[in-house]
Amino acid sequence: MTDPRVRRERLLALLPRIFTAQPSSSAVGALIDGMAASLARVDDTLTHIQYDRWVGLASPHRPDATEASALEGLGRLLQVSRLPPRVRYLSYQSAPEKSLKVDFNSAAPRTDALDELVGRGWRGGQDGRPADDPATLLAARFEGLRFSLSDDGQSLTASPDPSAAPETAPAALARFQAVLDPEPGETYRQRLQITARVRTGGLTTPRALLSLAIADLGAEPCPHLERRLDATVAFGMPPGTRKRCAGCTGGDRGQPCPSRAQAVVEAWLTENPTLAARHVEPTPRLRRVFTVTSASLHPDRPVVTLGVRDQPAPYPALRSLGSGEITLYAGTLQPGDTLVLYPAVGAAEAALFDGFDAPGHHAWAATHPAGRAVLIDSHGLERDVSSAVFYLWGHRLDDPGTTFDSLRCSILEQCVLTPRLTPGANDWMLLTFAQPDATFAGPDDTVHASRFAGRDDLDGTCFALLDGTIGQGDARYASVLLESIDKTDTAGTTETDTAHAPRLSLRLDWVTRPPATIRLRIPRNEWVAAAAARGALPLLRDDIARATAAGVRASVDFPEPTRRDVHDGAERLGLSATARWAEDAAPADGPLRFALTATLRDAHDSADGPFSVGGVFDTTRLDWTHGR
C-alpha cells in the first residue's frame, strides 16, 4: 500500500511556499493531507487493477466477508472455485499445539456444524436409536484429540487427548483447523494456474494429471517424475519448496531431486492397470454355449471353480469353441464337491501383467508353477488331484470349405491348464463324458472294450494310462477320445436331452488389462487426511474426470501407505589363523591358534564363548642329534 506521507511530501515540493508554510492544523494543511490520502488511494487502486488481471499477481484477500477476492474473480472465469470452510461458525481462537475453541451463534448454529462433521446420528430419536455422544464421535474422527461442549451449546473446544500418544495431537489439531479455514490463498493460486494450463491447453499427459491432483491436495508438484514399469510416479512438496530447491532452479533434470526427502504426497498414474475380472455361470447347461467377455489387451488363463449340486458328474470338461482347447478332469465329481483349477502360467504370460502397483497377480504361480487342481468335498476337506487333470489342444480341419474330411491334429498332455481367454467375446461349453464306452481293434485284430477307468484300475482308457505312451501309441487310442468328444456336439441336442443332467455351478477368475483406462493412486497419509477434511478429495476426482481425454476411463483411489522397511541382511564369515615362533625354543613360545569370526548386521545376543583350538609345537624334537 502506498504511504500517504510520501504523497504529501511530493505535493509540498510542488506547491508554492505560501501554501507549504501553513501548519498541518490549518485549513490549507488539512486540504493538502486530504489530497495526499486521495492520491495514495488512487495509486493503490491502479496497482490492484494492474495486478488483478494476472493469476500470479492477483490478491487472494477478500475486501469483506461478502465480496470475493480478485483471485477468486479470475477463478470464476474457468469455474474453479476456492474451497470454503466445511462448517459455519462465528469465530475461533487457537493456541498453537494446545487447544482450539470454536464459537457459534444463531446464524451459524452448532447443530449444523456437528451434522457436517459427524452426521445426524448424534441427535436423539433418529430412527428409534438412542442419541450418540457428539464429543465421542468427534474424538473418533480426529484421533488424538478430546472434545468438550459448553453448557449453553455455543462453543466447542478441542484439546490433546492425554491417553493418546503426544505426537498425534499436532497433526489432529491441524486436521481440525483445516475444517474451519478456507483453502489457503497461495494453494488456491497454484491450483488455479495448473488447472488453467490443463483446461485451456487440452493437456492430458501423465504430468498434467499428476500435477493437477497434487495441486488439489494443497502441495506443490515436483518437476522430477519417475517411470516405474507401467506407472508414472510424481511427488508433492510443501508450498514454496521449488523456490529454494537447487534441482528445480538450475539443476540437472536427470539427477534425483535433492528435496525428495521433504515430499508430503506421493502419487502414481498407471496406464491400463492390472485388474481382476470374474464371470459366474450360476446354472450352466451341459452342451450349451455361453459367452465370456474379457475386456483386456492380453489373454489370460482363468482359475476355474466347478461345483456339483445334486447328482454325480463323470469326467467334467471345459471347452473353448474358439481355440479348441479342452480341460478335462479324469474322475467323477460327487454332489457337494467343488473342483478348483489353478492353471500353470508361464513367465512370458505372467510378464504381460507385471506392474508397479500390481503385486501378487497369479499368486499361486509362486508356489505352484506347474499349476494345481484341488478337490474340496462336502465336508470342506481338500485333496490335490493335479495328476487327474488333462489338457487337450488342437485344430479341427473338417470345417466347411476344407478338403481334409474330419482330419484333426491334437495334443494331449497331463497338466493343469485351462483354455485361454482372449480379448473380446469367448464362446465356451461345459461337458461331461457320460458315455465313455467304445471299441477299437487291438494289434492282434481282436476287439477290445474301452472304458474310462479310475485311478486305481489296471485296465481302461484312463487318461493317466494314456499320458505316458500317447506319443508313441497307436492313433486308434486317440480316436477313442475324439469319438467321445464328437458326442458332445450341439447339433440335434434338445432341452430334454439334458433334463436329467447334473446341475453345476461355474466361476471363472482371471486378470485383465482394460484398454483406454488409467488409475491414479495416492496413499492416504497425514497430508491427504488434512486435505480430505477440507473437502479436497471430491474436487480432485471431479478435476481428474474433467481433464481426462475423451473415451478414457479414469479411477482414483487412496490406499493405505506402503510400508517400505529396509533390512540389510548382508552377513560376512571370516576365518583367520595366527602362530608365533621362536628359534631358541624358549618355553615362552606361543601356541597355534585358529579363530573363527562371523560379522552379522543383525544384533544377536548369544552367550556362547569363542571357538579356539590350541596346540604346542616342541621344536627340540627336531634337533638332528636326536636322529642318531
Sub-3.5 Å donor-acceptor pair from the side chain of [X] to the main-chain atoms of [Y], do we have one?
X    : Y    : answer
D103 : L90  : no
T168 : A165 : yes
R521 : T270 : no
T111 : P109 : no
D300 : T512 : no
Y89  : L180 : yes
E271 : P515 : no
T274 : F353 : yes
D161 : S163 : yes
D542 : P538 : no

* Are Y92 and F176 close enough that their ring centers fall under 6.0 Å? ->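 Distance test on ring centres: not under 6.0 Å, no.
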* **Partner of E183 under salt bridge (charged side-chain N to carboxylate O under 4.0 Å, His left out), chosen from R82, R189, R191** =>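 Of all the options given, the one that passes is R191.
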* State the CG-OG1 distance between L212 and T204, to the nearest 0.5 angstrom. =>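 Between atom CG of L212 and atom OG1 of T204 there are 12.0 Å.
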* Check against side chain to side chain donor-acceptor pair (under 3.5 Å), H279 and D509 -> CA-CA 7 Å; H279 177 86; D509 298 273; over 6 Å; no
* **Qualifying salt bridge (Lys or Arg N to Asp or Glu O under 4.0 Å) pairs with a residue from residues 523-540, counting only residues at least two apart or across chains** =>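 Checked against salt bridge (Lys or Arg N to Asp or Glu O under 4.0 Å) - neighbours excluded - the pairs reaching residues 523-540 are R175-E526.
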For residues 230-238, tabulate all N or O donor-acceptor pairs below 3.5 Å that involve a side-chain atom, not counting sequence neighbours.
residue, atom, partner, partner atom, Å
D230, OD1, F356, N, 2.9
D230, OD2, R513, NH1, 3.1
D230, OD2, R513, NH2, 3.3
T232, OG1, R227, NH1, 2.8

For residues 543-551, which side-chain N or O atoms pair as donor and acceptor with protein atoms under 3.5 Å away, sequence neighbours left out?
residue, atom, partner, partner atom, Å
D543, OD1, R199, NH2, 3.2
T548, OG1, I544, O, 2.4

